[in-house]
Trainee: 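Quick one: the structure is below, questions incoming.
Note that the structure is a prediction, hence the values are computed from the model and not measured.
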Amino acid sequence: MAGGRPCWQCRNCIRGRPNECLQLQIMGSFYDGAWAEYVAVPYGTLTAIPDQLPFEQAAILADAVATPYAGLVDRAALRPGEAVGLWGIGGLGVHAVQIARMVGAAPIIAVDPNLGARARALAVGADHALDPGAAAVDDEVLRRTDGQGLDLAVDLVGANAVLAEAASCLGRSGRLLMIGLSLDPIQLGPGVVFGLASQSLLGHLGYAKRHLDELVELVSHGRLDVTGSISDTMPLEDVGRGVRQLATKEGNPIRLVVTP
Ligand SMILES: [Zn+2]
């Protein structure tokens, strides 16, 4: 199911566009519903799980896969043959690499200071994995895109330094997509570069239910393999241990699935 519910009271909800609710309520923050054996949810938020799709795989599609999917495919309209750079190969970034691969982006360039994260990016389909501490990332990106720069650069971290580095790698008409969020003021260097090259900055949050429906089809028909993202499954009584493991990054987990 989608992790939020529309308010049914705002202007967009009243106009019949609950997907664009102005006061979307998120489960776990605005109302109870996580980490329980049963939960009552609005019928319209449910997505059926086909028999051939294991529960554990369906469970991680919301947010961890659906957010980068909606961002890359819809918000940034990534097309086959476009050069894409992805900054931050954590729980969202690893799926962003897979989605870029599925869409047919080329080349796919992952950027992450962590060696394990770079290895993960290469394992799931990145063409190159760059260490931002080792060399000037903008030079490396130009070298790997025949001097053209990126069509799409994605900040999955949420830090202005990362966003600015991603912006410096954009080519003509390049789009800069913010999936990671931060309170930093946005500063991207000389505006004349941004303007002359007709570049765009795109904010992004979450996904709509139709993205989840599409992902269920893609995963259950073998177009996208998320089995490697399920680091562990655990019963409900062990959820505290799982939260600690995520907080300390012990064993570098991507997603932990609770089976109540
Ligand atoms: Zn609303």
Side-chain angles (χ1 to χ4, degrees), residues 67-69 71-73 75-182 184-204 228-229 249 252 254:
T67 293
Y69 176 75
L72 268 64
V73 171
R75 183 78 172 110
L78 181 62
R79 291 186 47 79
E82 287 196 314
V84 61
L86 303 164
W87 273 255
I89 311 301
L92 295 178
V94 69
H95 300 125
V97 172
Q98 290 179 278
I99 290 156
R101 187 85 191 188
M102 180 180 69
V103 169
I108 299 167
I109 302 172
V111 185
D112 198 297
N114 181 281
L115 178 64
R118 293 199 299 278
R120 191 150 74 189
L122 292 171
V124 297
D127 298 291
H128 310 286
L130 305 178
D131 177 358
V137 170
D138 51 353
D139 290 342
E140 292 293 311
V141 167
L142 279 179
R143 213 158 60 77
R144 287 167 168 80
T145 55
D146 295 325
Q148 300 300 305
L150 299 171
D151 297 300
L152 174 62
V154 186
D155 172 11
L156 293 132
V157 178
N160 188 72
V162 171
L163 195 66
E165 185 174 87
S168 73
C169 298
L170 286 175
R172 177 151 188 87
S173 305
R175 294 96 74 201
L176 179 57
L177 177 67
M178 291 169 43
I179 291 183
L181 303 176
S182 86
D184 295 352
I186 294 171
Q187 291 177 308
L188 299 177
V192 65
V193 175
F194 213 72
L196 280 175
S198 295
Q199 295 166 342
S200 322
L201 173 63
L202 305 168
H204 178 73
S229 299
K249 296 190 164 55
N252 219 0
I254 299 177

Trainee: Are V124 and R101 close enough that some pair of their side-chain heavy atoms sits under 4.5 Å apart?
Mentor: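 A side-chain contact is absent here, since even the closest heavy-atom pair is not under 4.5 Å.
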Trainee: Nearest 0.5 angstrom please: D138 CG to L150 CG, how far?
Mentor: 10.5 Å
Trainee: Does any N or O in the side chain of D184 come within less than 3.5 Å of the main-chain N or O of N160, such that one atom is a donor and the other an acceptor?
Mentor: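 Confirmed, D184 side chain pairs with N160 backbone.
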Trainee: Measuring from L163:CG to L177:CG, what's the distance to the nearest 0.5 Å?
Mentor: 9.5 Å
Trainee: Can you tell if the side chain of L176 reaches within under 4.5 Å of the side chain of L188, non-hydrogen atoms only?
Mentor: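 A side-chain contact under 4.5 Å exists here.
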Trainee: How close do G125 and V97 get, counting heavy atoms only, and between which atoms?
Mentor: C-CG1, 3.9 Å
Trainee: Are the side chains of P107 and T145 in contact, using a 4.5 Å heavy-atom criterion?
Mentor: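 The answer is yes; the side chains approach within 4.5 Å.
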Trainee: Should V103 and I99 count as side-chain neighbours, where that means a heavy-atom distance under 4.5 Å?
Mentor: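 Heavy-atom side-chain distance check passes, below 4.5 Å.
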Trainee: What heavy-atom pair brings V84 and A100 nearest, and what distance separates the two atoms?
Mentor: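 Looking at all heavy atoms of both residues, the closest pair is CG1-CB, 4.0 Å.
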Trainee: Kindly compute the distance separating SG (C169) from CG (D139), expressed to the nearest 0.5 Å.
Mentor: 9.0 Å
Trainee: Counting only N and O atoms by type, is there a donor-acceptor contact under 3.5 Å from the side chain of R172 to the main-chain atoms of Q148?
Mentor: no
Trainee: When rounded to the nearest 0.5 angstrom, what distance separates CD1 in I109 from CH2 in W87?
Mentor: 7.5 Å
Trainee: Within the distance-only criterion (no hydrogens, no angle test), does the side chain of D151 pair as donor or acceptor with the backbone N or O of A83 below 3.5 angstrom?
Mentor: yes
Trainee: Just wondering, do V111 and V162 contact through their side chains at under 4.5 Å, heavy atoms?
Mentor: no
Trainee: Grab the two heavy atoms, one from G158 and one from S182, that are nearest each other, plus how far apart they are.
Mentor: O-CB, 3.1 Å
Trainee: Spell out, as yes or no, whether a donor-acceptor pair under 3.5 Å connects the side chain of R118 to the backbone of P113.
Mentor: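 Yes; at least one donor-acceptor contact below 3.5 Å.
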Trainee: Which atom names give the shortest non-hydrogen contact between Q199 and G171, and what distance separates them?
Mentor: NE2-O, 3.1 Å
Trainee: Tell me which pairs pass salt bridge (charged side-chain N to carboxylate O under 4.0 Å, His left out) where either residue lies in residues 185-195, with sequence neighbours left out.
Mentor: none
Trainee: Please answer whether the main-chain N or O of V94 pairs with a side-chain N or O of R120 as donor and acceptor at a distance below 3.5 Å.
Mentor: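 Absent.
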Trainee: Do the side chain of R75 and the main chain of H204 share a donor and acceptor less than 3.5 angstrom apart?
Mentor: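 Side chain of R75 to backbone of H204, a donor-acceptor pair under 3.5 Å: no, none is there.
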Trainee: So, D112 side chain and I89 main chain: donor-acceptor pair closer than 3.5 Å or not?
Mentor: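 Such a contact is found between D112 side chain and I89 backbone.
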Trainee: Determine the minimum heavy-atom distance between A76 and L152, stating which atoms define it.
Mentor: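 For A76 and L152, the tightest heavy-atom pair comes out as CB-CD1, 3.6 Å.
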Trainee: So does I108 get a backbone contact from the side chain of D127, meaning a donor-acceptor N/O pair under 3.5 Å?
Mentor: yes
Trainee: Are I179 and L92 side-chain neighbours, meaning at least one heavy-atom pair lies under 4.5 Å?
Mentor: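 When only atoms from C-beta onward are counted, L92 and I179 do touch, with a gap below 4.5 Å.
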Trainee: Determine whether a donor-acceptor pair (N or O, by modelled atom type, separation under 3.5 Å) exists between the side chain of E82 and the backbone of A106.
Mentor: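 Not at all, since once roles are kept as given, no pair shorter than 3.5 Å links the two residues.
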Trainee: Between L170 and V193, is the side-chain contact (heavy atoms from CB on, under 4.5 Å) condition met? List the steps.
Mentor: CA-CA 10 Å; L170 286 175; V193 175; over 6 Å; no
Trainee: Where the side chain of R175 meets the backbone of A153, is there a donor-acceptor pair that is under 3.5 Å apart?
Mentor: no
